[in-house]
There are 2 protein chains.
Amino acid sequence: MEMVSALYKHINKFIDLSNDEQEILAPFLKSFTVRKKAFLLSQGQTCRTNYFVVKGCLRLYFIDIKGAEQTTQFAIENWWITDLTSFLFQEQSEFYIQAAEATEVIAIEHHHYDEMFHKLPKLERYFRLILQKNHQASQRRIKFLYSQTAEERYRHFNSLFPEFVQRVPQYMLASYLGFTPEFLSKIRAKK
Amino acid sequence: MEMVSALYKHINKFIDLSNDEQEILAPFLKSFTVRKKAFLLSQGQTCRTNYFVVKGCLRLYFIDIKGAEQTTQFAIENWWITDLTSFLFQEQSEFYIQAAEATEVIAIEHHHYDEMFHKLPKLERYFRLILQKNHQASQRRIKFLYSQTAEERYRHFNSLFPEFVQRVPQYMLASYLGFTPEFLSKIRAKK
DNA sequence: TTCATTTCTTAAACTACATTAAGTTTTTTC
DNA sequence: GAAAAAACTTAATGTAGTTTAAGAAATGAA
């Protein structure tokens, strides 16, 4: 299956997009492959792109004051990912976006963004629904961060996404869950 | 100024809403006042409403396993607040929404939600932009939670929102920032 | 204007998790 | 398939923040 049709398929889960409308959208989309560990954004650059993951896995992270990588977000199949602050205001990013695996992505450029919504107002609804899901996910994530211990967060995440836990290195997962790789080792060691 | 006009004004910062369109929207809005400490949602209820704060302050919190209140969100003037998971899927909420001060709110009911977007598709854009801001705020918040110590988070928040810090009790602020009220006292004591 | 309630403070004892450092295993590369 | 690089483990030591508990201050109610 051609890459962009994965996005059309996803959009059609939320709104009805006719063939004509797909053709209007097409020129705004660029699809390509990134290999494992390649960067789509680095600290200091302006984030010019919103990425849709067709296949594979991207992660958003920053380097904290102690020099450690802090992964704040993963994006797998059918998720969008970007540094929204940098993307919206076209200012320097403090984040990196990196491929955690070889990944197929579809990109929409910031300089096309307004035009795209202008030509296809229907997409307002699609992105509203996507952002609503995002917001919902954020609310749940904050709740877990505030109510569970490190060990509970790991066990909970592991029970929700057992296959995903296998896909990424433990040090990425540890920082995503808010603790150190050493502590994750310790948790896994018992039982 | 009448309450709902505060919302129209806010909407008009993002999209153009004609007088006619305002009249279409009006029947979907209910505005009222809640007094300090009153609840708009309690754990176990289904969240049927999305709230817009005209004036005052609402907070979203839950009770953790140890019985402590964990404030995960505040909403002040011109912010929307709801338990999105409960609101979207009309399932039992694990949260409380409580007035931190006497508060003027505008409410949109879940059973009007789809109809509202149907009659006023323009609002898709408004809510997309609002949710985009939300998502951006979430990304920044997660970054701060992952990179700063409790003390740094307090000082940073305090420098960004000095007036707000005065408005709410310290125990709400402490849990919002992810630590105990006792620790906040300690931080404030030094210097 | 007093009594009750809520909020804030202080300090000692405790703990979940971080840090450091060295060694081991796994994966990648050529 | 050997060497290098990346990822993971283990364990001792350290610390930021919690817990508990009691008292003080502020706020609210009658």
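Naming convention: chains lettered A, B, ... in sequence-line order (proteins, then strands); numbering from 1 in each chain. Scope of the values below: all heavy atoms of this structure, side chains included, with no hydrogens, waters or symmetry mates.
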Q: Look at all strands and tell whether S185(A) reaches a base, only sugar-phosphate, or nothing, counting heavy atoms closer than 4.0 Å.
A: base
Q | OP1 or OP2 of dT27(C) under 4.0 Å from side-chain N/O of K36(A) | A | no
Q: Round to the nearest Å and state the distance from I65(B) atom CD1 to dT18(D) atom C1'.
A: 16 Å
Q.
With a sphere of 6.0 Å drawn around CD of E94(B), does it hold more than 12 non-hydrogen atoms of other residues, nucleotides or ligands?
A. no
Q: Report the nucleotide, chosen from dC8(C), dA7(D), dG17(D), that has the shortest atom-to-atom distance to any side-chain atom of K37(A).
A: dA7(D)
Q. F179(A) CZ to dA16(C) P: how many Å, rounded?
A. 15 Å
Q: Rounded off to whole Å, could you give me the CZ-to-C1' distance for the R188(B) and dA26(D) pair?
A: 13 Å
Q. Rounded to the nearest Å, what distance is computed from the CD atom of residue E151(B) to the P atom of nucleotide dT18(D)?
A. 13 Å
Q: Would you please say whether a donor-acceptor pair under 3.5 Å links the side chains of S147(A) and D64(B)?
A: no
**Q.** E101(B) CD - dT27(D) C1' separation (whole Å)
**A.** 15 Å
Q. Could you state the CZ-P distance from R153(B) to dA16(D), rounded to the nearest angstrom?
A. 13 Å
Q | Length of the line joining Q170(A):CD and dT27(C):C1', which is rounded to integer Å | A | 14 Å
(Q) In this structure, would L160(A) and V168(A) fall into the same cluster of hydrophobic residues linked by side-chain contacts under 4.5 Å? (A) yes
Q: Look at the side chain of E182(B) and decide which nucleotide, out of dT19(C), dT10(C), dT18(D), has an atom nearest to it.
A: dT10(C)
Q: Counting heavy atoms from C-beta on, name the nucleotide in dT9(D), dA7(D), dG17(D) closest to the side chain of Y171(A).
A: dA7(D)
(Q) I need the NZ-C1' distance between K186(B) and dT19(D), as an integer number of Å. (A) 11 Å
Q: When you get a sec, tell me which of dA18(C), dT19(C), dT20(D) is the closest nucleotide to the side chain of K66(A)?
A: dT19(C)
Q: Measure from the side chain of P169(B), starting at C-beta and using heavy atoms only, and say which of dT7(C), dG17(D), dA7(D) lies closest.
A: dT7(C)
Q.
Students often get this wrong, so: under 4.0 angstrom with heavy atoms, is F183(B) touching a base, only sugar-phosphate, or nothing?
A. base
Q: Return yes if a side-chain donor-acceptor contact under 3.5 Å exists between S86(B) and T46(B), otherwise no.
A: no
**Q.** Salt-bridge criterion met for E21(A) and K119(A) (N-O under 4.0 Å)
**A.** no
